[in-house]
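Below: the structure, in C-alpha coordinates.
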Amino acid sequence: MSKTAIILGATGLTGSILLKMLIADIRYHKIKLFSRKSCGITHPKIEEHLIDMLQLRDQAEKFTADEVFCCIGTTNAKTPNKELYHQIDYGIPVSAARLCKTNTINTLIIVSALGANPESRIFYNRTKGEMEKAVLEFDISKTHILQPSLIAGKRNEKRFGEYFFKIVMKIMNPLFLGPLKKYRSIHPETIVSAMIWLANHEFNEQKIVSDKIKALAIS
(Lines give C-alpha, C1' and ligand atoms only; values in the text may rest on other atoms or scores of the structure.)
Protein backbone atom coordinates (compact mmCIF):
# COMPACT_ATOMS: atom_id res chain seq x y z
CA MET A 1 0.00 0.00 0.00
CA SER A 2 1.38 3.39 -1.01
CA LYS A 3 -0.95 6.31 -0.45
CA THR A 4 -1.05 10.06 -0.84
CA ALA A 5 -2.58 12.17 1.92
CA ILE A 6 -3.55 15.83 2.03
CA ILE A 7 -3.34 17.73 5.30
CA LEU A 8 -5.06 21.05 5.84
CA GLY A 9 -3.82 22.79 8.97
CA ALA A 10 -0.42 21.06 9.28
CA THR A 11 1.05 24.00 11.22
CA GLY A 12 -1.47 23.76 14.07
CA LEU A 13 -1.27 21.63 17.20
CA THR A 14 -3.15 18.58 15.91
CA GLY A 15 -2.09 18.95 12.27
CA SER A 16 1.62 19.13 13.09
CA ILE A 17 1.41 15.90 15.07
CA LEU A 18 -0.53 14.27 12.24
CA LEU A 19 2.17 15.31 9.78
CA LYS A 20 4.92 13.71 11.87
CA MET A 21 2.93 10.49 12.26
CA LEU A 22 2.21 10.23 8.53
CA ILE A 23 5.89 10.82 7.73
CA ALA A 24 6.72 7.83 9.93
CA ASP A 25 3.89 5.69 8.50
CA ILE A 26 5.11 3.44 5.69
CA ARG A 27 1.61 3.30 4.16
CA TYR A 28 2.03 6.90 2.93
CA HIS A 29 4.52 7.86 0.26
CA LYS A 30 3.42 11.48 -0.28
CA ILE A 31 1.90 14.11 2.00
CA LYS A 32 0.53 17.22 0.36
CA LEU A 33 0.25 20.27 2.57
CA PHE A 34 -1.99 23.21 1.74
CA SER A 35 -1.44 26.13 4.09
CA ARG A 36 -0.66 29.85 4.26
CA LYS A 37 2.74 29.32 5.91
CA SER A 38 5.42 26.65 5.77
CA CYS A 39 5.45 23.79 8.25
CA GLY A 40 9.22 24.24 8.52
CA ILE A 41 9.95 20.56 7.85
CA THR A 42 11.89 19.24 4.88
CA HIS A 43 11.23 15.62 3.97
CA PRO A 44 11.03 13.64 0.71
CA LYS A 45 7.40 12.76 1.42
CA ILE A 46 6.27 16.38 1.78
CA GLU A 47 4.84 18.40 -1.08
CA GLU A 48 4.03 21.86 0.23
CA HIS A 49 1.64 24.35 -1.38
CA LEU A 50 1.63 27.81 0.20
CA ILE A 51 -1.65 29.44 -0.76
CA ASP A 52 -4.44 31.72 0.37
CA MET A 53 -6.51 29.11 2.22
CA LEU A 54 -9.69 31.13 1.69
CA GLN A 55 -9.18 30.44 -2.02
CA LEU A 56 -8.68 26.69 -1.60
CA ARG A 57 -11.40 26.05 -4.19
CA ASP A 58 -8.94 27.24 -6.88
CA GLN A 59 -6.54 24.34 -6.16
CA ALA A 60 -8.51 21.59 -7.90
CA GLU A 61 -5.64 20.61 -10.22
CA LYS A 62 -3.24 20.01 -7.31
CA PHE A 63 -5.83 18.70 -4.85
CA THR A 64 -5.47 15.00 -5.63
CA ALA A 65 -4.91 12.27 -3.06
CA ASP A 66 -6.28 9.09 -1.52
CA GLU A 67 -7.25 10.80 1.74
CA VAL A 68 -7.82 14.30 3.09
CA PHE A 69 -7.29 15.25 6.71
CA CYS A 70 -8.69 18.63 7.75
CA CYS A 71 -7.38 20.09 11.02
CA ILE A 72 -8.45 23.68 10.32
CA GLY A 73 -9.72 25.81 13.17
CA THR A 74 -9.38 29.28 14.63
CA THR A 75 -10.48 31.03 17.84
CA ASN A 76 -12.37 34.17 18.81
CA ALA A 77 -9.18 35.65 20.25
CA LYS A 78 -7.23 34.97 17.07
CA THR A 79 -10.04 35.90 14.67
CA PRO A 80 -12.48 38.33 16.35
CA ASN A 81 -14.10 39.19 13.01
CA LYS A 82 -17.05 36.79 12.77
CA GLU A 83 -17.23 36.92 8.99
CA LEU A 84 -13.57 35.91 8.67
CA TYR A 85 -14.04 33.31 11.39
CA HIS A 86 -16.87 31.76 9.39
CA GLN A 87 -14.79 31.79 6.20
CA ILE A 88 -12.10 29.79 8.01
CA ASP A 89 -13.99 27.33 10.21
CA TYR A 90 -16.85 26.78 7.77
CA GLY A 91 -15.49 27.80 4.39
CA ILE A 92 -12.21 25.87 4.28
CA PRO A 93 -13.56 22.43 5.31
CA VAL A 94 -16.54 22.85 2.96
CA SER A 95 -14.21 23.80 0.10
CA ALA A 96 -12.16 20.70 0.89
CA ALA A 97 -15.27 18.53 0.76
CA ARG A 98 -16.25 20.06 -2.58
CA LEU A 99 -12.78 19.33 -3.99
CA CYS A 100 -12.96 15.76 -2.67
CA LYS A 101 -16.23 15.29 -4.52
CA THR A 102 -14.86 16.86 -7.72
CA ASN A 103 -11.66 14.80 -7.70
CA THR A 104 -13.21 11.54 -6.45
CA ILE A 105 -11.34 11.47 -3.16
CA ASN A 106 -13.41 9.08 -1.09
CA THR A 107 -11.87 9.59 2.36
CA LEU A 108 -12.35 12.86 4.24
CA ILE A 109 -11.57 13.16 7.95
CA ILE A 110 -12.28 16.45 9.73
CA VAL A 111 -11.60 17.69 13.24
CA SER A 112 -14.64 19.59 14.47
CA ALA A 113 -15.67 20.10 18.11
CA LEU A 114 -17.87 18.63 20.79
CA GLY A 115 -21.08 20.65 20.96
CA ALA A 116 -21.22 21.43 17.24
CA ASN A 117 -24.82 22.22 16.41
CA PRO A 118 -26.23 24.25 13.50
CA GLU A 119 -29.06 25.42 15.77
CA SER A 120 -26.83 26.55 18.64
CA ARG A 121 -27.03 30.11 19.95
CA ILE A 122 -23.26 30.00 20.51
CA PHE A 123 -21.52 31.27 17.38
CA TYR A 124 -18.58 28.83 17.66
CA ASN A 125 -20.80 25.77 18.06
CA ARG A 126 -23.22 26.95 15.38
CA THR A 127 -20.42 27.51 12.86
CA LYS A 128 -19.00 24.03 13.49
CA GLY A 129 -22.49 22.53 13.22
CA GLU A 130 -23.23 24.32 9.95
CA MET A 131 -19.87 23.13 8.60
CA GLU A 132 -20.60 19.51 9.51
CA LYS A 133 -24.04 19.65 7.91
CA ALA A 134 -22.66 21.14 4.67
CA VAL A 135 -19.79 18.65 4.48
CA LEU A 136 -22.09 15.64 4.92
CA GLU A 137 -24.32 16.89 2.10
CA PHE A 138 -21.52 16.11 -0.36
CA ASP A 139 -22.09 12.43 0.46
CA ILE A 140 -18.43 11.44 0.30
CA SER A 141 -18.43 7.71 0.97
CA LYS A 142 -15.89 7.67 3.82
CA THR A 143 -16.48 10.84 5.79
CA HIS A 144 -15.61 10.99 9.47
CA ILE A 145 -16.08 14.09 11.61
CA LEU A 146 -14.28 13.98 14.95
CA GLN A 147 -15.83 15.98 17.80
CA PRO A 148 -13.16 16.25 20.52
CA SER A 149 -13.70 18.02 23.81
CA LEU A 150 -11.06 20.49 25.05
CA ILE A 151 -7.75 19.56 23.42
CA ALA A 152 -4.91 19.30 25.93
CA GLY A 153 -1.45 20.20 24.72
CA LYS A 154 0.95 23.10 24.38
CA ARG A 155 0.18 25.50 21.56
CA ASN A 156 2.55 27.98 19.93
CA GLU A 157 0.25 30.90 20.62
CA LYS A 158 -0.85 32.06 24.06
CA ARG A 159 -4.47 31.30 24.99
CA PHE A 160 -4.74 32.35 28.64
CA GLY A 161 -8.45 31.52 29.02
CA GLU A 162 -7.92 28.10 27.50
CA TYR A 163 -4.82 27.53 29.64
CA PHE A 164 -6.83 28.18 32.81
CA PHE A 165 -9.66 25.94 31.61
CA LYS A 166 -7.20 23.12 30.90
CA ILE A 167 -6.00 23.26 34.51
CA VAL A 168 -9.60 23.09 35.72
CA MET A 169 -10.37 20.21 33.36
CA LYS A 170 -7.34 18.26 34.55
CA ILE A 171 -8.86 18.34 38.03
CA MET A 172 -12.39 17.66 36.81
CA ASN A 173 -11.64 14.84 34.35
CA PRO A 174 -11.93 11.99 36.91
CA LEU A 175 -15.39 13.26 37.87
CA PHE A 176 -16.77 12.81 34.37
CA LEU A 177 -18.15 9.28 34.43
CA GLY A 178 -20.56 7.24 32.29
CA PRO A 179 -22.24 9.40 29.63
CA LEU A 180 -20.19 12.39 30.85
CA LYS A 181 -16.88 10.77 29.82
CA LYS A 182 -17.08 12.52 26.46
CA TYR A 183 -16.43 15.83 28.24
CA ARG A 184 -13.00 14.81 29.49
CA SER A 185 -10.15 16.70 27.84
CA ILE A 186 -8.28 14.84 25.12
CA HIS A 187 -4.69 14.87 23.91
CA PRO A 188 -3.94 15.76 20.27
CA GLU A 189 -1.92 12.57 19.83
CA THR A 190 -5.06 10.62 20.67
CA ILE A 191 -7.06 12.50 18.05
CA VAL A 192 -4.38 11.89 15.44
CA SER A 193 -4.14 8.17 16.21
CA ALA A 194 -7.90 7.89 15.74
CA MET A 195 -7.77 9.83 12.46
CA ILE A 196 -5.14 7.53 11.00
CA TRP A 197 -7.01 4.45 12.23
CA LEU A 198 -10.22 5.68 10.60
CA ALA A 199 -8.42 6.33 7.31
CA ASN A 200 -7.18 2.75 7.21
CA HIS A 201 -10.17 0.82 8.57
CA GLU A 202 -13.87 0.55 7.95
CA PHE A 203 -16.07 2.33 10.49
CA ASN A 204 -19.73 3.10 10.04
CA GLU A 205 -20.13 6.22 12.20
CA GLN A 206 -19.69 9.62 10.60
CA LYS A 207 -19.72 11.77 13.74
CA ILE A 208 -17.44 10.56 16.52
CA VAL A 209 -17.48 12.17 19.96
CA SER A 210 -14.52 12.51 22.28
CA ASP A 211 -14.72 9.31 24.34
CA LYS A 212 -15.19 7.24 21.17
CA ILE A 213 -12.16 8.98 19.65
CA LYS A 214 -10.14 7.73 22.61
CA ALA A 215 -11.44 4.20 22.13
CA LEU A 216 -10.51 4.21 18.43
CA ALA A 217 -7.04 5.55 19.19
CA ILE A 218 -6.16 2.41 21.12
CA SER A 219 -7.78 0.00 18.65
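One is the number of the first residue; the rest follow in order along the sequence.
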(Q) Is it true that Q59 and R57 share a donor-acceptor pair across their side chains at a distance under 3.5 Å? (A) no
Q: Provide the closest heavy-atom pair for I151 versus P188 in the form atom of the first, atom of the second, distance.
A: CG2-CD, 3.9 Å
**Q.** Stepwise side-chain contact (heavy atoms from CB on, under 4.5 Å) check, E67 with I6
**A.** CA-CA 6 Å; E67 303 160 1; I6 287 174; over 6 Å; no
Q. How would you list, by chain and number, every residue that makes a ring-ring contact (aromatic ring centres under 6.0 Å, His included) with F123, sequence neighbours excluded?
A. Y85
(Q) Could you list the cluster mates of I218? Members are the ILVMFWY residues connected by side-chain heavy atoms closer than 4.5 Å, either directly or through other members. (A) none
Q: Not counting sequence neighbours, which residues clear ring-ring contact (aromatic ring centres under 6.0 Å, His included) with Y124? List them please.
A: none
Q. In terms of side-chain geometry, is the basic nitrogen of K212 or E205 positioned less than 4.0 Å from the acidic oxygen of its partner?
A. yes
Q | Any donor-acceptor N or O pair under 3.5 Å, side chains K32, T64 | A | yes
Q: Say whether E132 and Q206, considering side chains only, have a donor N or O and an acceptor N or O under 3.5 Å apart.
A: no
Q: Identify, with sequence neighbours excluded, every residue that meets salt bridge (charged side-chain N to carboxylate O under 4.0 Å, His left out) alongside K133.
A: E137
Q.
I'd like to check the salt bridge (charged side-chain N to carboxylate O under 4.0 Å, His left out) partners of E189; sequence neighbours left out, ordered by chain and number.
A. none
**Q.** Presence of salt bridge, D52 and R36, under 4.0 angstrom
**A.** no
Q) Side-chain contact, heavy-atom cut-off 4.5 Å: K207 with Q147? A) yes
Q: Check the side chains of N200 and K3 for a donor-acceptor pair under 3.5 angstrom, ignoring hydrogens and angles.
A: yes
Q. With sequence neighbours excluded, what pairs up with F34 under the ring-ring contact (aromatic ring centres under 6.0 Å, His included) test?
A. H49, F63
**Q.** E48 versus S38, side-chain donor and acceptor atoms under 3.5 Å
**A.** yes
Q.
Any side-chain to backbone donor/acceptor pair from K142 onto L198? Under 3.5 Å, distance only.
A. yes
